[in-house]
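Below is one structure, written out as structure tokens; the observations come after it.
Nothing fancy with the numbering, it's 1 onward along the sequence.
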Amino acid sequence: MRIVHLGKDFDDYLKAEDNYLETQLVAIKRVIAFEINQRMHEQGLPKSAMARQLGVGRSTFEILLDPTNTSISLLTLERAVRALGHRIQINLI
């Protein structure tokens with residue numbers, strides 16, 4: 001049986017299915033949520049304390065950590081990252 005490739009790579013497939021941008025945003029959010037969780041763990045900072053530091057409820061903070069929720073603003077992400085002593089850097093490639 002011969003396997004036929006319809007595109008160069010998976011990105012081509014996502015673009016053809018009109019899912020590329022959404023998939024990229026979810027991937028970026030997963031990385032950011034993972035990094036925030038890692039830094040919180042390294043600093044021994046519980047979610048409730050982080051939420052208080054940001055002036056939001058715990059359930060609101062859980063949305064920030066939800067890797068599939070891409071509706072979080074850059075301002076909110078930046079505030080969370082700065083509270084951990086870091087900052088977000090965005091590069092256009």
Side-chain angles (χ1 to χ4, degrees):
M1 176 183 352
R2 183 169 179 235
I3 298 174
V4 178
H5 296 283
L6 300 177
K8 289 188 266 182
D9 56 25
F10 192 61
D11 286 350
D12 288 342
Y13 169 77
L14 291 173
K15 289 173 186 172
E17 293 293 315
D18 204 26
N19 291 329
Y20 183 75
L21 181 58
E22 181 181 339
T23 304
Q24 291 297 314
L25 292 175
V26 170
I28 290 167
K29 177 62 187 308
R30 283 179 188 260
V31 170
I32 292 171
F34 176 81
E35 291 292 331
I36 290 172
N37 269 312
Q38 284 292 104
R39 300 304 187 274
M40 287 172 53
H41 179 73
E42 289 169 3
Q43 296 178 20
L45 190 61
K47 292 177 184 179
S48 56
M50 185 71 174
R52 271 194 309 277
Q53 195 169 358
L54 295 174
V56 299
R58 166 96 187 244
S59 60
T60 301
F61 185 68
E62 289 288 344
I63 293 170
L64 176 93
L65 296 179
D66 177 358
T68 62
N69 187 329
T70 59
S71 66
I72 303 299
S73 72
L74 282 174
L75 177 61
T76 302
L77 289 173
E78 180 67 17
R79 287 179 58 217
V81 170
R82 283 191 183 268
L84 295 166
H86 297 277
R87 58 188 201 114
I88 293 175
Q89 180 178 342
I90 298 173
N91 296 315
L92 301 178
I93 55 173

Quiz item: Can you list the residues that meet the side chain to side chain contact (heavy atoms under 4.5 Å, CB included) rule with Ser71, with sequence neighbours excluded?
Solution: Asn69
Exercise. Find out if a path of hydrophobic residues (ILVMFWY) with successive side-chain heavy-atom gaps under 4.5 Å connects Phe34 to Met40.
Key: no
Self-check item: Single-linkage hydrophobic cluster, 4.5 Å side-chain cutoff, Val81 and Leu75 together
Solution: no
Quiz prompt | Inter- and intrachain pairs under salt bridge (charged side-chain N to carboxylate O under 4.0 Å, His left out), touching residues 84-93, at least two apart | solution = none
Quiz prompt | Inter- and intrachain pairs under salt bridge (charged side-chain N to carboxylate O under 4.0 Å, His left out), touching residues 28-37, at least two apart | solution = Glu35-Arg39
Exercise. Please report the closest heavy-atom contact between Leu84 and Gln43, naming both atoms and the distance.
Key: O-NE2, 2.8 Å
Quiz prompt | Same apolar cluster: Leu25 and Ile63, side chain cutoff 4.5 Å | solution = no
Quiz: residues 50-58 side-chain donor-acceptor pairs under 3.5 angstrom, not counting sequence neighbours:
from  : atom 1 : to    : atom 2 : distance (Å)
Arg58 : NE     : Glu62 : OE2    : 3.1
Arg58 : NH2    : Glu62 : OE2    : 3.2

Quiz item: Atom OG1 of Thr60 and atom CG of Leu65: how far apart are they, to the nearest 0.5 Å?
Solution: 11.5 Å
Quiz item: Taking only residues at least two apart or on different chains, which pairs with a member in residues 65-81 satisfy salt bridge (charged side-chain N to carboxylate O under 4.0 Å, His left out)?
Solution: Glu78-Arg82
Quiz prompt | For Leu64, all residues meeting side chain to side chain contact (heavy atoms under 4.5 Å, CB included), sequence neighbours excluded | solution = Ile36, Phe61, Ile72, Thr76, Leu77, Ala80
Quiz item: CD1 of Ile90 to CD1 of Ile28: how many Å apart, nearest 0.5 Å?
Solution: 8.5 Å
